[in-house]
Protein chains: 2
Amino acid sequence: MEFSVFRKEELLKVEQRMIEWLDKTQDTKGTLYQAMKYSLAAGGKRIRPLLVLAVIKSLGGEVEKGYDTAAALEYVHTYSLIHDDLPAMDNDELRRGKPTSHIVYGEAVAILAGDALLTQAFEVITRSEISLEQKVALTVALAKSAGANGMVEGQIEDIEGESQSLSLEALKQVHDKKTGELIKFAVYAGSVLADAPEIVQQQLNRFAECYGLAFQIRDDILDVIGDAKELGKNIGQDEQHSKSTYPHLLTLEGAKAALEKELDEALAIISQIETEYRPENKIIDMNLLKDMVALLRIKDEQVNQ
Amino acid sequence: MEFSVFRKEELLKVEQRMIEWLDKTQDTKGTLYQAMKYSLAAGGKRIRPLLVLAVIKSLGGEVEKGYDTAAALEYVHTYSLIHDDLPAMDNDELRRGKPTSHIVYGEAVAILAGDALLTQAFEVITRSEISLEQKVALTVALAKSAGANGMVEGQIEDIEGESQSLSLEALKQVHDKKTGELIKFAVYAGSVLADAPEIVQQQLNRFAECYGLAFQIRDDILDVIGDAKELGKNIGQDEQHSKSTYPHLLTLEGAKAALEKELDEALAIISQIETEYRPENKIIDMNLLKDMVALLRIKDEQVNQ
């Protein structure tokens with residue numbers, strides 16, 4: 001299946017599911033509901049839910065089993081953006097070209113909408129039509145990825161690292177927690193929902209590390225060379241905030257080389273799985289994941305802009 | 001067993017468990033860890049964990065099975081206090097006689113410490129040594145109680161109801177969500193962990209409704225007549241904020257009568273369970289819960305202060 005078709009069809013279903021759970025579980029449909037829905041509907045690349053579904057499909061599982069978990073994961077990502085945008089954090093007034101939650105609803109409601117989305121994510125996973133074992137495995141993993149040793153810790157380290165120069169190793173660690181953990185969860189969730197064996201889960205975890213790192217390096221590169229339209233935010237912001245970035249630490253050429261290295265390793269891992277993993281009655285086909293990797297390469301026309 | 005002994009011994013274990021989980025799951029022991037620990041260790045009445053354990057004990061279950069869930073519940077309660085105290089919400093600088101989280105650590109860290117405690121709660125429950133069914137039942141219930149149709153919605157309605165006069169019915173509804181839902185969860189969790197049958201769970205849910213409402217009416221009464229020491233906050237605050245309260249809507253005498261009514265009903269329900277529920281090999285003894293109910297009565301010396 002072509003990735004562009006897959007993305008269009010499957011994301012529609014996940015986005016429907018995101019709103020359906022909200023409609024089903026929130027009775028008053030008042031301010032809180034409106035604020036949650038506003039941020040959920042604000043769009044974005046939906047990389048995390050796509051990864052969940054692409055991994056399931058690649059491993060020959062049933063994509064439908066992943067809709068709820070993909071929706072829950074996007075709830076967590078959305079909550080993190082709402083809180084990151086708050087005046088006390090990054091103080092961003094625009095996100096994906098639209099006013100951020102606290103600009104529209106005020107700070108109190110924005111904080112609470114984030115809280116509610118995070119809470120709801122765990123309800124969605126544990127009420128999903130999957131096995132008890134899968135519910136528990138995914139809840140433990142999501143809490144670990146999103147929590148005090150994962151994404152939230154990454155955000156703290158990111159704040160503390162602002163306006164001071166980090167080493168490459170320290171920068172990697174911040175990103176691994178802040179962005180990488182949820183990407184690793186996405187890939188893990190896909191492998192659990194496709195009933196993949198432990199060995200494949202481990203290989204995919206390494207794939208997710210490369211993918212997550214590539215994702216972040218690319219983001220930093222586009223902040224230097226890219227256009228605001230693709231990023232959905234103003235470019236040059238990292239430089240303005242004198243944040244440590246990959247182009248900053250490695251030069252632009254060095255960052256591009258680092259990006260290619262991660263993408264090549266990611267590809268090598270999934271090719272290896274494709275060759276080695278031969279379950280009965282399942283077709284293993286990594287094309288969707290290969291396409292997702294290819295989309296992270298910096299194209300020449302982007303460089304020349 | 002006497003309640004005072006039970007409280008002392010068992011709370012110690014829950015409080016140990018609260019810190020143990022933090023130590024076990026947070027690696028860097030940096031700012032985030034410190035902020036989470038600060039608020040967890042700030043004390044408080046620990047009503048919710050006590051309810052979990054007292055229900056288990058009353059129904060002849062193993063109290064030890066409840067430590068993790070009781071700890072997780074106190075994580076959620078603690079997160080809600082940190083966020084409620086923020087400048088954008090109640091803007092409180094003191095909580096239980098100590099500076100609030102954002103005063104000590106700044107707003108960004110306070111928001112993130114709250115986020116991390118909420119997230120961690122779900123990890124603690126799903127990693128607890130209880131059955132898969134119990135893990136899932138408790139996760140679903142906690143997310144519902146704490147989320148967009150429960151505590152968070154209650155907080156939104158509380159903010160929206162400020163400086164406007166609510167009807168008694170509207171006030172009850174706000175409190176039922178903001179405070180009542182977590183109390184109902186505590187009682188539900190105890191009954192699940194003691195393997196109580198559906199009918200007993202339903203009776204206990206009604207008990208929890210009475211107990212939660214009594215708890216809130218009492219809090220409002222003490223704000224008028226009580227001393228700041230017992231409440232751990234400045235008294236007369238509700239009046240200053242011109243919030244709707246039970247004494248305000250019912251007069252002080254009326255509020256006291258309403259409190260007694262709820263406590264009497266709570267007692268009647270647990271006495272009924274004691275008479276009717278006769279499981280094999282288990283001793284049903286509601287004395288701990290009766291003591292917890294008795295502690296909510298307003299004593300004469302409190303009135304005369």
Side-chain angles (χ1 to χ4, degrees), chain A residues 22 25-28 30-33 35-36 76 79-80 83 86-90 102 106-127 131-133 135-153 155-157 159-160, chain B residues 22 25-28 30-33 35-36 76 79-80 83 86-90 102 106-127 131-133 135-153 155-157 159-160:
Chain A
L22 194 58
T25 55
Q26 215 290 330
D27 290 339
T28 61
T31 312
L32 180 62
Y33 171 86
M36 292 169 80
V76 173
Y79 121 77
S80 76
H83 282 194
L86 287 166
M89 308 251 212
D90 295 349
H102 64 275
E107 266 183 75
V109 173
I111 293 167
L112 292 166
D115 293 346
L117 285 168
L118 171 60
T119 312
Q120 178 94 54
F122 293 102
E123 182 179 347
V124 169
I125 286 179
T126 42
R127 289 180 69 186
S131 73
L132 283 175
E133 286 79 3
K135 290 177 187 192
V136 170
L138 296 182
T139 303
V140 171
L142 180 59
K144 282 188 182 177
S145 299
N149 220 30
M151 185 178 68
V152 174
E153 169 68 13
Q155 176 67 1
I156 291 264
E157 291 177 12
I159 292 170
E160 290 182 338
Chain B
L22 195 57
T25 55
Q26 215 290 329
D27 290 339
T28 60
T31 312
L32 180 62
Y33 171 85
M36 292 169 81
V76 173
Y79 121 75
S80 77
H83 282 193
L86 287 167
M89 308 249 213
D90 294 349
H102 65 274
E107 267 184 73
V109 173
I111 294 167
L112 292 166
D115 293 347
L117 285 168
L118 171 61
T119 312
Q120 178 94 53
F122 293 102
E123 181 179 348
V124 169
I125 286 179
T126 42
R127 289 180 67 187
S131 72
L132 283 175
E133 286 80 3
K135 290 176 188 194
V136 170
L138 296 182
T139 303
V140 171
L142 180 59
K144 281 187 183 178
S145 298
N149 219 31
M151 186 177 69
V152 174
E153 169 68 13
Q155 176 67 1
I156 291 264
E157 290 177 12
I159 292 170
E160 291 183 336

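The sequence lines fix the lettering, A, B, ..., with proteins before strands; numbering per chain opens at 1. Because only heavy atoms are used, hydrogens play no part in the values below, and waters and symmetry mates are left out as well, while side chains stay in.
- Of the atoms belonging to A:Lys144, heavy atoms from both backbone and side chain fall under 4.5 Å from chain B.
- Scanning both residues, A:Glu107 and B:Ala88, for their nearest heavy atoms gives CB-CB, 3.5 Å.
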Which donor-acceptor pairs under 3.5 Å do the side chains of residues 110-120 of chain B make with protein atoms, sequence neighbours left out?
from: B:Asp115; atom 1: OD1; to: A:His83; atom 2: ND1; distance (Å): 3.2
from: B:Asp115; atom 1: OD2; to: A:His83; atom 2: ND1; distance (Å): 2.8
from: B:Thr119; atom 1: OG1; to: B:Asp115; atom 2: O; distance (Å): 2.7
from: B:Gln120; atom 1: OE1; to: B:Thr25; atom 2: OG1; distance (Å): 3.2
from: B:Gln120; atom 1: NE2; to: B:Thr25; atom 2: OG1; distance (Å): 2.9

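- Between A:Leu142 atom CG and B:Thr126 atom OG1 the span is 9.5 Å, to the nearest 0.5 Å.
- Only the side chain of A:Tyr79 comes within less than 4.5 Å of a heavy atom of chain B; its backbone N, CA, C and O stay farther away.
- With a 4.5 angstrom heavy-atom cutoff, A:Met151 does not touch chain B via any of its atoms.
- In terms of heavy-atom proximity, B:Glu123 sits nearest to A:Ala143 at CB-CB, 3.6 Å.
- Chosen from A:Ala148, A:Gly147, A:Gly150, the residue pairing most often with chain B at heavy-atom distances under 4.5 Å is A:Ala148.
- At a threshold of 4.5 Å between non-hydrogen side-chain atoms, the residues B:Glu157 and A:Thr28 count as touching.
- Both the backbone and the side chain of B:Ile156 come within less than 4.5 Å of a heavy atom of chain A.
- Of the atoms belonging to B:Leu22, not a single heavy atom falls under 4.5 Å from chain A.
- The OG1 atom of A:Thr139 lies 11.5 Å from the CG atom of B:Leu138; values are rounded to the nearest 0.5 Å.
- Evaluation of the side-chain contact (heavy atoms from CB on, under 4.5 Å) rule for A:Ser131 yields A:Glu133, A:Gln134 as partners, not counting sequence neighbours.
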